[in-house]
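Residue numbering restarts at 1 for every chain, and letters A, B, ... go by the order of the sequence lines. Being a predicted model, the structure only gives us computed values, none of them experimental.
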Amino acid sequence: MSATGWADYVEEVLDVVATIPAGRVLSYGDIAEILGRGGPRQVARVMATAGGPVPWWRVVRADGRPAPCHDGEADRLLLAEGTPLRAPGRVDMGSARWRA
DNA sequence: AGCCTGACAGATA
DNA sequence: GTATCTGCCAGGC
């Protein structure tokens, strides 16, 4: 039952991203898993199309590397929020991974 | 209708 | 450690 349209999916994804506290991060696949539908590509698509009003920098790849867009900006923002970095420009998944 | 691209993920070399 | 391929799902041409 996927009576949910694209707009609803966008709202759910943005809602989850907006719920991520500062200093924590979630991977695209994690968000997809939390929602229970779609996939990492769909979450990424939402961020690319309507990820403006949300802290997109708190959404990183499974490797812990920030999204390829505004790379330097993501690093700066994550560092400013005190996100556990395993290396410069790389987030420590395992500590920074947020859980509801 | 088909083909290509992509803010991804996992495996392999 | 990085580079490359494939698989997945949806959108754009």
Quiz prompt | Interatomic distance where CG belongs to A:Leu26 and C1' belongs to B:dA9 [whole Å] | solution = 16 Å
Practice problem: Apply side-chain contact (heavy atoms from CB on, under 4.5 Å) to A:Tyr28 and A:Val59, showing your working. | Solution: CA-CA 7 Å; A:Tyr28 297 90; A:Val59 184; 3.6 Å; yes
Quiz item: Hey, does A:Gly39 reach any base, or is it just sugar-phosphate, or nothing, if we go heavy atoms under 4.0 Å?
Solution: nothing
Self-check item: Shortest side-chain distance from A:Arg45, nucleotide among B:dA9, C:dC9, B:dA7
Solution: C:dC9
Quiz prompt | Atom-pair distance (OH on A:Tyr28; C1' on C:dC8), nearest Å | solution = 16 Å
Quiz item: Within the structure shown, what part of the strands sits under 4.0 Å from A:Ala62 by heavy-atom distance: base, sugar-phosphate, or nothing?
Solution: sugar-phosphate
Quiz prompt | Between B:dA7 (P) and A:Ile31 (CD1): distance, integer Å | solution = 16 Å
Exercise. Remember a base hit wins even if backbone is also touched, and classify A:Arg90 as base, sugar-phosphate or nothing at under 4.0 Å, heavy atoms.
Key: sugar-phosphate
Quiz prompt | 5' precedence on DNA chain B between A:Gln42 and A:Asp63 (nearest-nucleotide basis) | solution = A:Gln42
Self-check item: Separation of atom CH2 in A:Trp56 from atom P in B:dC8, rounded to whole Å
Solution: 13 Å
Practice problem: Give the C-alpha distance, both sets of side-chain angles, the deciding distance and a yes or no for side-chain contact (heavy atoms from CB on, under 4.5 Å) between A:Met47 and A:Val13. | Solution: CA-CA 8 Å; A:Met47 300 303 294; A:Val13 173; 4.3 Å; yes
Quiz item: In this structure, are over 12 heavy atoms from other groups packed under 6.0 Å from A:Glu33 atom CD?
Solution: no
Self-check item: A:Gly38 versus A:Tyr9, closest heavy-atom pair with distance
Solution: CA-OH, 3.7 Å
Quiz item: Per the atom types in the model, does the base of B:dG6 pair as donor or acceptor with the side chain of A:Arg41 at under 3.5 Å?
Solution: yes
Quiz item: Would one find a side-chain N or O of A:Arg61 under 4.0 angstrom from OP1 or OP2 of B:dA9?
Solution: yes
Practice problem: Rounded to the nearest angstrom, tell me the gap between atom CZ in A:Arg65 and atom P in C:dA3. | Solution: 9 Å
